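Report on the structure given below.
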Amino acid sequence: KAAQDALQALPPPEAQRLALGQLAASSVEARAASARWCGARHISPALPLLSAMLVSPVEPEESQRAAREAVAALKDELRPEWLLSQVKEGTQAGKVQALALLAAIGGEQAKQAHYLALDDAEPGVRGQAALGLVQLKEKAALQRLQVMLGQNANAPIARILQASVTELSR
C-alpha cells in the first residue's frame, strides 16, 4: 500500500521511472505493487521486466501473480503470433518466456501452444507448459500430464508435473 501511495504522489514520468525501477526491488511487496501499477496504467516498457518475473524460479507467488495480472492488462502490446512462433522455433529460454506470457494473456491459442510444448525436446519447456496449463485452468490436460509423469524422459520435471496434476485435480 505504501509503495502504491508513493507512486500516486509523483508526476507521471517520475512515477513511471520509479515503478520500472521497483520491478527489480528486493522487496516482494514493492515488486508486486509496481507490477500492478504498471498493468493498471498500461506501461508497456515494463513488459521485459514483468516477463522475467514470470519465469524466475525464485520469484514468490505474490509478485508472479501481480506480474501475470499486469501482462494480461498489457496483452494488446504483445503479438501472440510472434509468441506462438517462439514456442515452435525459439531457443529454450525464448520458448519458456513465450509460454509464460501466453499463459498470462490466456485464450485458445495459448492453450494450444501449451499442449504443443508438452512434446518439446527440452524438459524445461515441457515443465513450463505444464505450469501454464495449470494457470490456464485446463483440466482437460490432467490425463496427459499423468501419462507424462510416468515417463523416464520427464524425471527432471517430475515435481512440476506432480504439482500440476495435483492442482488440476482439485
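This one's a predicted model, so the numbers in the text were calculated from it and none came from an experiment. By convention here, the first residue in the shown sequence is residue 1.
- With hydrogens and angles ignored, the 3.5 Å screen pairs no side-chain donor or acceptor of Arg31 with any backbone N or O of Leu23.
- Closest heavy-atom contact between Ala70 and Ala35: CB-O, 3.1 Å.
- Between Val87 and Ala117, the shortest heavy-atom distance links the atoms CG1-CB, 4.2 Å.
- The main-chain N or O of Pro60 is found under 3.5 Å from a side-chain atom of Ser63 such that the two form a donor-acceptor pair.
- Between Arg126 and Ala153, the shortest heavy-atom distance links the atoms NH2-O, 2.9 Å.
- Without hydrogens or angle criteria, Asn154 side chain to Met148 main chain gives a donor-acceptor distance under 3.5 Å.
- Shown here is Lys139, whose NZ atom has more than 12 heavy atoms of other residues, nucleotides or ligands within 6.0 Å.
- What you find for Ser169 and Leu142 is that their closest heavy atoms are OG-CD1, 3.5 Å.
- Considering all non-hydrogen atoms of both residues, Tyr115 and Ala141 come closest at OH-N, 3.2 Å.
- Side chain of Ser51 to main chain of Pro48: no donor-acceptor pair is present (N/O by atom type, distance under 3.5 Å, no hydrogens or angles).
- The pair Arg144-Asp119 counts as a salt bridge, with a side-chain nitrogen and a carboxylate oxygen less than 4.0 angstrom apart.
- Ion pairing of Glu62 with Arg65 is absent here, as no side-chain N (NZ or NE/NH1/NH2) approaches a carboxylate O to less than 4.0 Å.
- Open room surrounds CD on Gln143; 12 or fewer heavy atoms of other groups in view lie less than 6.0 Å from it.
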